[in-house]
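Written below as structure tokens is the structure these notes are about.
Every heavy atom of this structure was used, including side-chain atoms; hydrogens, water molecules and symmetry mates were not. Counting convention: from 1, in listed order, for ligands and their atoms alike.
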Amino acid sequence: MTMIEDQIDSVRQRIQSTCKACGRPADAVTLLAVSKTFGPEAVQAAHRAGQSAFGENYIQEAVEKITTLRHLPLQWHCIGPIQSNKTRLVAEHFDWVHTIDRLKIAQRLSEQRPPELPPLQVCIQVNVDGGATKSGIAPADVPGLAREVANLPRLRLRGLMCIPEPAPDFEAACAVFTRARGLFDTLNAEGMALDTLSMGMSADLEAAIASGSTMVRVGSAIFGGRHYPTAV
Ligand SMILES: *Cc1c(COP(=O)(O)O)cnc(C)c1O
């Protein structure tokens, strides 16, 4: 077993024991392996451990990896900010986008999604803790954007995503994640049929799962520490 395969196993165990502890089914939470800054060999090692969904932040780096690994049945999620001049690359290469926070970007992705590909699966990024430096839209603006995104022909709105600041303890982390969960439940009560709540990373996946996360995005607990920017 390589280190990566080992780490994948222990992250899966963390997910399973947390699901069990909070009375959720073991398959309620999907693991997204965040491979940013790591090369194709790291992704292949994770794939050997049965991992098929990968998250990437930097579009150019991701497109190279996606192209190199085209022969493998992998699913690619864009979890980084997207500028207008990168929407075409994203629409052509990714399966999912978690970081929709402007209608303009969503419209471009829909227009540029190649017709031979299935709709792009998307989440709206919500700034749940009001972090000033962060992307994501204010909770109050989510319902309006969700309705518009749901009407775009080549996108399929799956849910919400958030990246809160690290919290001082488990309860504080849960309090923030629970706000995203509340918004998710409200949209569903209004008939949106969302199934994805993308929240939780290496350090806080237990709190996220306890608060209703359906997809955790885990990088360093699988691949180790990241080195910017030369390790790309
Ligand atoms: C890098 C990143 C992650 C993974 O973070 P780790 O702490 O390494 O697990 C998850 N989500 C987003 C949006 C990221 O940018």
**Report entry** E61 and K36 ion-paired at < 4.0 Å
**Finding:** no

**Report entry** side-chain hydrogen bond (donor to acceptor under 3.5 Å, both in side chains) against D129, all qualifying residues, sequence neighbours excluded
**Finding:** K134

Report summary line: The remaining residues in the hydrophobic cluster of M201, counting side-chain heavy-atom contacts under 4.5 Å among Ile, Leu, Val, Met, Phe, Trp and Tyr, are M161, I163

Which pairs of nitrogen or oxygen atoms, taken one from ligand 1 and one from the protein, are under 3.5 angstrom apart?
residue, atom, partner, partner atom, Å
ligand 1, 8 (O), S220, N, 2.8
ligand 1, 8 (O), S220, OG, 3.0
ligand 1, 8 (O), R226, NH1, 2.8
ligand 1, 8 (O), R226, NH2, 3.1
ligand 1, 9 (O), S202, N, 3.0
ligand 1, 9 (O), S202, OG, 2.5
ligand 1, 9 (O), G219, N, 2.8
ligand 1, 11 (N), R217, NE, 2.8
ligand 1, 15 (O), K36, NZ, 2.7
ligand 1, 15 (O), N57, ND2, 2.7

Query - Nonpolar side-chain network containing M215, other nodes, edges under 4.5 Å - result: L32, V34, I79, W96

Requested in this report: Run the numbers on R14 and E206 for salt bridge (charged side-chain N to carboxylate O under 4.0 Å, His left out), then give the verdict.
Outcome: CA-CA 8 Å; R14 280 172 69 189; E206 283 85 1; 2.8 Å; yes

Report task. Determine, stepwise, if the pair W76 / F54 fulfils ring-ring contact (aromatic ring centres under 6.0 Å, His included). Result -> CA-CA 5 Å; W76 292 97; F54 293 87; 5.6 Å; yes

